[in-house]
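Worksheet for the structure shown next.
Heavy atoms only: backbone and side chains are in, while hydrogens, waters and symmetry mates are out.
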Amino acid sequence: MIEAPRGTHDVLPSDQPLWQRVTAEMERLCALYGYRRIQTPVFEAVELFQRTSGEGSDIVQKEMYVFEDRGGRRFALRPEGTAPICRAYVEHGLHREPQPVKLYTLATMYRYDKPQRGRYREHWQLSVESIGSADPATDAEVIHLYDTLLRTLGVRRYELQLNSIGDRECRPAYLERLNAWLDGHADVLDAEARRKRETSPLRVFDVKTPSVRAALADAPKIGEALCDACAEHFAQVRAYLDAYGVRYTIAPTLVRGLDYYTRTTWEFVGPDASTQASTISAGGRYDGLIEEIGGPPTPGVGFGAGIERLVLSLQLEGIGAEAPALDVFVALDGAPREDALRLLAELRAAGVAADTDYAGRSLRGQLTQAQRSGARDTIILRPDTAVLRRRGERDIEVARSEILERVAR
RNA sequence: GUGGCGGUAGCUCAGCUGGUAGAGCCCCGGGUUGUGGUCCCGGUGGUCGUGGGUUCGAAUCCCAUCCGCCACCCCA
């Protein structure tokens, strides 16, 4: 028995109505906010992610699907959506278009994680990017877009955590202060904290050990060490979020796992806050990213939103979606098969969703199937006549020639 | 990658300390009925995740492996 690869999953027909609802709403809102769809390859040069995510990031260190093609080129299945979109932006000269260039994509992402609920090796993401403007209103816009998505879909229990991690101006000075503090408190750091400090000092704030956390409460926070420009930017973002009516909590220790983030960073935590897969969307500003991959200095801001996790959130909130129903089911009661097929063709040509039995069912079985299909009307074809059965109404005998007009809406 | 728990019919599960596999739902047929719902009768469907081992005999015990879930790790 061959199974789907570990960490991948099938989205079955029974899941599709809810998926459709989610993705359709994503596309509707993106269009409404002026974002245009873009699609990029599933795989990219490995260096694209190494350079942008950071050599020390978990993604690059242990989560990338890397392979070599027959020509000896080294590629990676995309682990995140921002770098590829920025690559396309540079490669196709989108910096020559009016700025900002507002883009989105719905695409699969690949990470070699240990799978769990809501955490897959292949998963779908909505990526929204506003490239080419440093205006704090663009930060607020993309955040507002996702906040609106949650609201329109009916998610009630969620929290937006917001932070600013500074930029090239203020972060080096801050890191010096942090490191000095860590040196002075080496005795309270456990092995985990020391390891994090090695790879990415900011991440020491992610340590779970209670005693370390307690000690870190007194450590300098990036949010309190911003340079004037970053502080001003952050204040503006907050003011604009307030104007949009977006609620948020300031999370001074919120740090993201990718190196390219500057200034604003955020995470949306969904209804299932207890589990490890509680983050349903996360993003930030990346003012140095485009330059990093060889483009002109270009600011940008955006986010990724996990679709599986959002669908899970909707289910937790008790939100479902109806499967599309058939308009007409054609049952055969002694009439030749050809009559049913001709009628089906006629109905479908007229835009009426129609189907019939292909399982050799008894009439009873066909009527059961008609019921299941959700069809409002059932046509029962007899040798010389036809019966129209409309849900909730009495059967009526109809001439073959008048079926279409009686059934069409 | 580390640790813990779990895999029996399409689905949800039962199967006690080893004795050759069951229920409900689903699906198909039939009876009843207002030709579909209800109710009733019958039927299809299982390499007990996989591979080894112990045993006269393994779904049950042991080992390995795959997959899932939970906690780390990290994130969408």
Using the P atoms only, state how far B:rC61 lies from B:rA14, rounded to an integer number of Å.
14 Å
Expressed in angstrom and rounded to an integer, what is the separation of A:M64 atom CE from B:rG1 atom P?
17 Å
Tell me: CZ of A:R394 to C1' of B:rG37, nearest whole Å?
18 Å
Phosphate OP1/OP2 of B:rC67: any A:R6 side-chain N/O under 4.0 Å
yes
Walking RNA chain B from its 5' end, the first of A:T8 and A:R121 to be reached, judged by nearest nucleotide, is A:T8
Proximal nucleotide (of B:rG1, B:rC74, B:rG30) relative to the A:Y112 side chain:
B:rG1
Within less than 4.0 Å of OP1 or OP2 of B:rA71, is there a side-chain N or O belonging to A:Q116?
yes
Interatomic distance where CD belongs to A:E3 and C1' belongs to B:rU50 [whole Å]
9 Å
Under 4.0 Å, heavy atoms only, any strand: does A:T279 hit a base, just the sugar-phosphate, or nothing?
base
Grab the CG-C1' distance between A:L77 and B:rA76 for me, whole Å please.
16 Å
Closest of B:rG31, B:rA76, B:rG37 to the A:R364 side chain is B:rG31
Verify the distance criterion only: is there a donor paired with an acceptor across the side chains of A:D139 and A:H233 at less than 3.5 Å?
yes
Same-atom distance (P) from B:rG53 to B:rC11, integer angstrom
30 Å
Any donor-acceptor pair under 3.5 Å joining the side chain of A:R391 to the base of B:rG37?
no
Classify A:G374 by what it touches in the nucleic acid, base, sugar-phosphate, or nothing, heavy-atom distance under 4.0 Å.
nothing
Phosphate contact (B:rC27 OP1 or OP2) by A:R372 side-chain N/O below 4.0 Å:
yes
Span that lies between the C1' atom of B:rC25 and that of B:rU44, in whole angstrom
15 Å
Nucleotide of B:rC72, B:rC28, B:rC74 approaching A:R361 most closely (side-chain heavy atoms):
B:rC28
Give one of base, sugar-phosphate or nothing for A:R309, where a contact means two heavy atoms less than 4.0 Å apart.
base
Does a side chain donor of either A:T108 or A:E122 reach within less than 3.5 Å of an acceptor in the other side chain?
no
Send over the distance from A:E63 CD to B:rC72 C1', rounded to a whole Å.
14 Å
By the 4.0 Å heavy-atom rule, please label A:L363 as base, sugar-phosphate, or nothing.
base
Across all strands, who's sitting opposite B:rG1 as a Watson-Crick or G-U wobble pair, both distances under 3.5 Å?
B:rC72
Just by distance, no angles: are the side chains of A:Y104 and A:E27 close enough, under 3.5 Å, to form a donor-acceptor pair?
yes
Across all strands shown, which nucleotide pairs with B:rU55 by Watson-Crick or G-U wobble geometry, both distances under 3.5 Å?
none
A:R111 has an atom CZ; how far is it from atom C1' of B:rA76, in whole Å?
6 Å
Could you tell me how far apart A:E80 (CD) and B:rC74 (P) are, to the nearest whole angstrom?
18 Å
In Watson-Crick or G-U wobble terms, both distances under 3.5 Å, what is the partner of B:rG6?
B:rC67
Mate of B:rG42 across any strand shown (Watson-Crick or G-U wobble, both atom pairs under 3.5 Å) is B:rC28
Between the side chain of A:E308 and the main-chain N/O of A:W124, is any donor-acceptor distance below 3.5 Å?
yes
Is A:F303 touching bases, backbone alone, or none of the nucleic acid, heavy atoms closer than 4.0 Å?
nothing
If we take the P atom in both B:rA59 and B:rU50, what is their distance in whole Å?
11 Å
Closest approach to the side chain of A:T368, judged atom by atom: which nucleotide of B:rA76, B:rC69, B:rG37 is it?
B:rG37
Taking the P atom of each, how far is B:rU38 from B:rG52, in whole Å?
46 Å
Between A:Y146 and A:T148, does any side-chain donor sit less than 3.5 Å from a side-chain acceptor?
no
Quantified in whole Å, what is the C1' atom distance between nucleotide B:rC48 and nucleotide B:rA9?
10 Å
Between P on B:rC67 and CZ on A:R119, what's the gap in Å once rounded to a whole number?
15 Å
Looking only at atom P, what distance separates B:rU8 and B:rG3, rounded to whole Å?
24 Å
A:Y112-A:E63 side chain donor-acceptor pair, cut-off 3.5 Å
no
Nearest-nucleotide wise, let me know which of A:E308 and A:D333 is further upstream toward the 5' end of RNA chain B.
A:D333
Check whether A:Y261 forms a cation-pi arrangement with A:R285 (NZ or CZ under 6.0 Å from the six-membered ring centre, at most 45° off the ring normal).
no
Between B:rG31 and B:rA58, how far is it from one C1' atom to the other, in whole Å?
44 Å
Given B:rC74, B:rC67, B:rG30, the nucleotide with the shortest approach to the side chain of A:S362:
B:rG30
Within 45° of the six-membered ring axis of A:F234 and under 6.0 Å from that ring's centre, is NZ or CZ of A:R238 located there?
yes
Give A:Q366 one of three labels, base, sugar-phosphate or nothing, depending on what nucleic acid heavy atoms sit under 4.0 Å from its own.
nothing
Any base atoms under 4.0 Å from A:K114, or only sugar-phosphate, or nothing? Heavy atoms, all strands.
base
